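All remarks here apply to the structure that follows.
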Amino acid sequence: RDRRPPWIKLYRDVLDDIEWHELDPLASKVLVMCWLIASENDGNLPPAKTLAFRLRMSEKQTNECLNKLSHWLEQDEQMRLAACCLRPSR
């Protein structure tokens with residue numbers, strides 16, 4: 001199975017998700033890039049230093065963005081992406 005898919009699935013529900021629209025522009029960009037990076041490794045993000053490099057950001061800036069994305073990311077020891085990244089519209 002290809003672990004570096006050329007695309008990810010992004011649901012249209014994000015268009016009507018208030019929490020998505022409340023993200024600042026950098027955080028929303030980082031979130032999409034995290035989804036792309038995580039798609040290469042079964043939904044797992046790499047260690048902070050590697051992630052910061054992949055995002056072309058400092059580790060401090062990366063961690064600040066990840067803190068803003070707590071709704072979208074599970075915060076376990078592997079920084080695994082949430083199984084349901086986008087909640088259905090209510």
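Starting from 1, each residue takes its place in the sequence as its number. All values below were derived from every heavy atom in this structure, side-chain atoms included, with hydrogens, water molecules and symmetry-related copies excluded. Bear in mind the structure is a predicted one, so any value in this text is a computation, not a measurement.
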Rounded distance (nearest 0.5 Å) linking atom [atom1] of [X] with atom [atom2] of [Y]:
X     : Y     : atom1 : atom2 : value
Met33 : Leu51 : CE    : CG    : 9.0 Å
Asn44 : Ile37 : CG    : CD1   : 13.0 Å
His71 : Leu23 : NE2   : CG    : 8.5 Å
Ile8  : Leu36 : CD1   : CG    : 4.0 Å
Asp24 : Lys29 : CG    : NZ    : 11.5 Å

Do [X] and [Y] have side-chain heavy atoms sitting under 4.5 Å apart?
X     : Y     : value
Asp13 : Trp20 : no
Val30 : Met57 : yes
Leu55 : Cys65 : no

(Q) Please verify the inter-ring angle class for Trp72 with Trp35; under 30° counts as parallel, over 60° as perpendicular, anything in between as tilted. (A) perpendicular
Which pair of heavy atoms, one from [X] and one from [Y], lies closest together, and at what distance?
X     : Y     : answer
Tyr11 : Lys9  : OH-CD, 3.2 Å
Ala48 : Asn63 : CB-OD1, 4.4 Å
Leu26 : Gln61 : CD2-NE2, 3.5 Å
Cys34 : Leu45 : O-CD2, 3.5 Å
Ala27 : Lys68 : CB-CD, 4.3 Å

Q. Counting heavy atoms not belonging to Ile18, are there more than 12 under 6.0 Å from its CD1?
A. no
Q: For Thr62 and Ser58, indicate whether the former's side chain and the latter's backbone hold a donor-acceptor pair under 3.5 Å.
A: yes
Q. Which residues satisfy the salt bridge (charged side-chain N to carboxylate O under 4.0 Å, His left out) test with Glu64, sequence neighbours excluded?
A. Lys60
Q | Presence of salt bridge, Arg54 and Glu40, under 4.0 angstrom | A | yes
